[in-house]
Asker: 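Shown below is the structure under consideration.
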Protein chains: 2
Amino acid sequence: MGRREQQVLEDYIVQHNLKITKQRRSVLEAFLGSEDHVSAEELYKLVTEKEPKIGLATVYRTLNLLTQSGLASELDFGDGQKRYEHKFMHSHHDHLICTECGKIVEFTHPMIEKLQEEVAIRQGFKLTSHKLDLFGLCAECS
Amino acid sequence: MGRREQQVLEDYIVQHNLKITKQRRSVLEAFLGSEDHVSAEELYKLVTEKEPKIGLATVYRTLNLLTQSGLASELDFGDGQKRYEHKFMHSHHDHLICTECGKIVEFTHPMIEKLQEEVAIRQGFKLTSHKLDLFGLCAECS
DNA sequence: CTACCTGCAAATTATTTGCCTTAAC
DNA sequence: GTTAAGGCAAATAATTTGCAGGTAG
């Protein structure tokens with residue numbers, strides 16, 4: 001499990017004069033082991049299996065740390081809570097979401113990306129990121 | 001100001017055995033008169049200028065009504081609150097958002113839409129909606 | 001008159017913060 | 001030994017809900 005990610009996190013922690021703790025290790029481990037798109041609450045449930053005394057606030061704090069260190073990115077599927085996915089060794093992609101069963105398919109489409117860039121340039125913008133979510137019904141739910 | 005939208009709302013209200021009230025009229029009027037992308041709180045401030053005794057909860061309730069009746073759609077730019085835009089007589093579009101000054105440019109790109117449709121079909125999905133937000137720096141903020 | 005609607009306050013939900021104790025370095 | 005981190009409970013912030021009185025149909 002994620003040697004490399006462990007290293008990224010520890011580098012970030014050292015560079016920022018922070019401390020490496022077993023809680024942070026546990027959260028990272030559970031996060032890497034999870035499916036993508038976990039919420040803080042879900043991750044908390046996963047972590048407590050290994051680390052029963054951990055507090056929910058620590059999970060939130062660690063998720064922010066992971067986001068700042070570049071290991072996680074925040075997602076928002078409009079269900080009222082933030083979700084997180086790991087970014088390291090996991091390239092950019094967009095989401096296709098079934099509104100019935102919640103299934104999520106990840107995809108990338110270079111041409112779409114290229115056209116987005118064009119739109120931005122045409123408006124004088126310098127693009128830093130984007131978010132594309134497609135909503136619909138998957139094969140089973142149609 | 002928005003005769004047609006008034007009609008859409010009133011039709012919806014009648015069809016659902018609901019009641020037309022001056023608060024609902026005031027919220028709709030303020031909503032149509034507002035710039036796009038208002039939050040509930042912002043709309044509340046606008047409405048109270050004309051209707052000082054209205055409650056915030058009524059604004060929330062009416063925004064939900066407007067969303068259900070098809071006059072408004074919910075947006076989420078990740079700032080922790082829902083925003084709303086009017087949909088009627090205002091065709092679909094995506095957003096290009098300056099992360100520095102908050103400027104929002106609306107755009108549509110038929111080719112992007114077409115490619116999205118292709119992605120969905122390839123995955124066996126039937127597309128119902130999508131959300132594309134581009135984030136970057138506008139000309140002034142670069 | 002019979003729902004539905006409103007305003008208000010209290011409740012909820014997701015997340016953050018304060019504080020005091022504990023553990024890294 | 002400092003100083004940051006953790007746990008817990010209390011604080012926030014956005015939104016929703018319960019209720020008693022008001023009003024549209």
Side-chain angles (χ1 to χ4, degrees), chain A residues 6 9-31 37-69 72-84, chain B residues 6 9-31 37-69 72-84:
Chain A
Q6 196 74 50
L9 179 60
E10 301 202 355
D11 286 354
Y12 180 90
I13 286 176
V14 169
Q15 280 164 27
H16 291 256
N17 289 339
L18 305 177
K19 291 172 182 176
I20 297 168
T21 64
K22 71 172 184 316
Q23 288 91 336
R24 286 176 175 176
R25 283 221 179 81
S26 302
V27 172
L28 176 59
E29 181 170 357
F31 181 54
H37 322 119
V38 267
S39 65
E41 201 79 37
E42 286 163 6
L43 186 55
Y44 173 66
K45 289 211 187 93
L46 289 171
V47 179
T48 44
E49 291 172 12
K50 296 283 172 76
E51 194 71 40
K53 302 231 31 164
I54 203 168
L56 177 56
T58 299
V59 174
Y60 274 103
R61 284 187 277 231
T62 306
L63 277 169
N64 289 332
L65 192 60
L66 292 175
T67 304
Q68 284 150 31
S69 70
S73 45
E74 294 184 352
L75 305 175
D76 187 340
F77 294 149
D79 62 343
Q81 56 187 35
K82 287 183 193 160
R83 300 188 161 272
Y84 296 83
Chain B
Q6 197 73 53
L9 178 61
E10 302 202 355
D11 286 354
Y12 180 89
I13 287 176
V14 169
Q15 280 164 28
H16 291 255
N17 288 340
L18 306 177
K19 289 175 183 174
I20 297 166
T21 64
K22 72 173 184 314
Q23 288 91 335
R24 285 175 174 176
R25 282 221 179 83
S26 302
V27 172
L28 176 58
E29 181 171 357
F31 181 55
H37 323 120
V38 268
S39 66
E41 201 80 37
E42 285 163 6
L43 187 55
Y44 173 65
K45 289 210 185 93
L46 288 171
V47 178
T48 44
E49 291 172 12
K50 297 281 173 74
E51 193 72 39
K53 304 231 30 165
I54 203 169
L56 177 56
T58 300
V59 173
Y60 274 102
R61 284 186 278 228
T62 306
L63 277 170
N64 287 332
L65 192 60
L66 292 175
T67 303
Q68 285 152 29
S69 70
S73 45
E74 295 184 352
L75 306 175
D76 187 340
F77 294 149
D79 61 343
Q81 55 187 34
K82 285 183 195 162
R83 300 188 160 273
Y84 296 83

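The sequence lines fix the lettering, A, B, ..., with proteins before strands; numbering per chain opens at 1. Note that this is a predicted model, so its numbers are computed, not measured.
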Asker: Can you tell me the distance, in whole Å, between the NZ atom of K53(B) and the C1' atom of dC8(C)?
Answerer: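 One finds 10 Å between C1' of dC8(C) and NZ of K53(B), rounded.
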
Asker: Is R61(B) side chain donor-acceptor paired with the dG7(C) base, going by distance under 3.5 Å alone?
Answerer: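 Side chain to base: pair found, below 3.5 Å.
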
Asker: I need the CZ-P distance between R83(A) and dA14(C), as an integer number of Å.
Answerer: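 R83(A) atom CZ is separated from dA14(C) atom P by 10 Å.
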
Asker: Starting from the C-alpha separation in whole Å, work towards a yes-or-no answer on salt bridge (Lys or Arg N to Asp or Glu O under 4.0 Å) for E51(B) and R24(B).
Answerer: CA-CA 11 Å; E51(B) 193 72 39; R24(B) 285 175 174 176; over 6 Å; no

Asker: Taking the side chain of L18(B) as its heavy atoms from C-beta onward, which of dT15(D), dA9(C), dC5(C) lies nearest to it?
Answerer: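 Per side-chain heavy atoms of L18(B), the pick is dC5(C).
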
Asker: Report yes if at least one side-chain N or O of Q23(A) is closer than 4.0 Å to OP1 or OP2 of dA23(C); otherwise report no.
Answerer: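 No, outside the criterion.
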
Asker: Could you check E51(A) against K82(B) and say which one's nearest nucleotide on DNA chain D is further toward the 5' end?
Answerer: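 Its nearest nucleotide lies further toward 5', so the answer is E51(A).
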
Asker: Nearest whole angstrom, please: distance from the P of dT15(D) to the CG of L43(B).
Answerer: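 One finds 12 Å between P of dT15(D) and CG of L43(B), rounded.
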
Asker: Quick one: is dG7(D) close enough that its OP1 or OP2 comes under 4.0 Å of any side-chain N or O from T58(A)?
Answerer: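 It does, given that an N or O in the side chain of T58(A) lies less than 4.0 Å from OP1 or OP2 of dG7(D).
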
Asker: I need the NZ-P distance between K22(B) and dT23(D), as an integer number of Å.
Answerer: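 Rounding to the nearest Å, NZ of K22(B) and P of dT23(D) are 7 Å apart.
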
Asker: What pair of heavy atoms forms the shortest contact from G55(B) to Y44(B), and how long is it?
Answerer: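 Shortest heavy-atom contact: C-CE1, 3.8 Å.
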
Asker: Counting side-chain heavy atoms from C-beta on, which of dT15(C), dC8(C), dG7(D) comes nearest to I54(A)?
Answerer: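 Within the option list, the nearest is dG7(D).
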
Asker: What is the distance, to the nearest angstrom, from the OH atom on Y60(A) to the P atom on dT13(C)?
Answerer: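 Y60(A) atom OH is separated from dT13(C) atom P by 13 Å.
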
Asker: In whole angstroms, how far is the P atom of dC5(C) from the CG atom of N64(B)?
Answerer: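 Rounded to the whole Å, the gap is 13 Å.
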
Asker: Between T21(A) and Y84(A), which residue's closest nucleotide on DNA chain C lies nearer the 5′ terminus?
Answerer: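 The residue closer to the strand's 5' end, by nearest nucleotide, is Y84(A).
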
Asker: Considering only heavy atoms from C-beta outward, does the side chain of E42(B) approach that of R83(B) to under 4.5 Å?
Answerer: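 Counting from C-beta outward, E42(B) and R83(B) do come under 4.5 Å.
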
Asker: Round to the nearest Å and state the distance from L56(A) atom CG to dG18(C) atom P.
Answerer: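 My rounded result for the distance is 17 Å.
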
Asker: To the nearest Å, how far apart are E74(A) CD and dT16(C) C1'?
Answerer: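 Whole-Å distance recorded here is 13 Å.
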
Asker: Select base, sugar-phosphate, or nothing to describe what D79(B) touches, counting heavy atoms under 4.0 Å on all strands.
Answerer: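 Result for D79(B) = nothing.
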
Asker: Got a salt bridge between E29(B) and K22(B), using NZ or NE/NH1/NH2 to carboxylate O under 4.0 Å?
Answerer: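 No.
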
Asker: How far does OH of Y12(A) sit from CG of L18(A), to the nearest 0.5 angstrom?
Answerer: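 Here the rounded value is 7.0 Å.
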
Asker: Does K19(A) contact dT3(D) through a side-chain donor or acceptor facing the base, at a distance under 3.5 Å?
Answerer: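 Counting by modelled atom types and ignoring angles, a donor-acceptor contact under 3.5 Å is found here.
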
